[in-house]
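Have a look at the structure below, then the notes.
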Amino acid sequence: MDMNKLFMELYTEKFGKVLNREIAEDIVKNFAVTDGSGNPDGMHWTYDEAKSLGDKLNVDWEKVSKCEYFTVLNMMYSDYGQTVKKHGLPDTILGEFAKDWFMDVDGDPDKTFKYFIHL
């Protein structure tokens with residue numbers, strides 16, 4: 001049996017189709033650093049900072065996994081942070097984009113898990 005397939009079966013049995021914190025942090029560490037900060041990994045916001053920003057933006061934690069919000073928020077910075085800076089916008093706007101990712105009415109409820117696991 002394929003070990004990756006076995007791992008995913010065991011993982012989803014234990015956690016469901018949601019990123020846990022360990023996997024979320026591993027994913028974020030592999031994001032490209034494009035902001036010139038010299039940060040050795042792709043983390044712009046820590047888990048606690050992401051949660052705090054989500055709290056300020058009234059993210060519904062009953063509907064949105066904190067680990068997945070942390071992951072998507074940092075992805076938004078990695079992918080779109082330069083454009084946000086270019087236009088003089090605060091990087092916290094990416095928190096709104098991350099929130100929108102989860103509130104997408106025609107999006108798959110497992111979209112984040114599928115996106116990062118099957119990337």
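Just so you know, residue 1 is the first one in the sequence shown, and it goes up from there.
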Residue pairs passing the salt bridge (Lys or Arg N to Asp or Glu O under 4.0 Å) test where at least one lies in residues 56-79, sequence neighbours excluded: none
Lys/Arg-Asp/Glu bridge criterion (N-O < 4.0 Å) met for E25, K29: no
Closest non-hydrogen atom pair between K99 and N58, with its separation: NZ-O, 3.8 Å
OH (Y80) with more than 12 external heavy atoms under 6.0 Å: no
Close side-chain approach of M103 to V64, heavy-atom, < 4.5 Å: yes
C67 backbone acceptor or donor facing T71 side chain under 3.5 Å: yes
Parallel, tilted or perpendicular: rings of W61 and Y69 (30°, 60°): perpendicular
Shortest non-hydrogen contact from S78 toward F31: OG-CB, 3.8 Å
Parallel, tilted or perpendicular: ring planes of W45 versus Y77, cut at 30 and 60 degrees: perpendicular
Any donor-acceptor pair under 3.5 Å from Y11 side chain to V18 backbone: yes
Spatial distance of atom CE (M76) from atom CG (L73) [nearest 0.5 Å]: 8.5 Å
Side-chain touch L89/L94, heavy atoms, less than 4.5 angstrom: no
Euclidean distance, Y115 OH relative to M75 CE, rounded to 0.5 Å: 5.0 Å
Gap separating the CZ atom of R21 from the CG atom of D26, nearest 0.5 angstrom: 12.0 Å
Within 6.0 Å of NZ in K111, more than 12 heavy atoms from elsewhere: yes
Rounded distance [0.5 Å steps], CD in E13 versus CG in L10: 6.5 Å
N/O donor-acceptor pair under 3.5 Å between D110 side chain and F113 backbone: no
Least distance between heavy atoms, D91 atom then V84 atom: CA-CG1, 4.0 Å
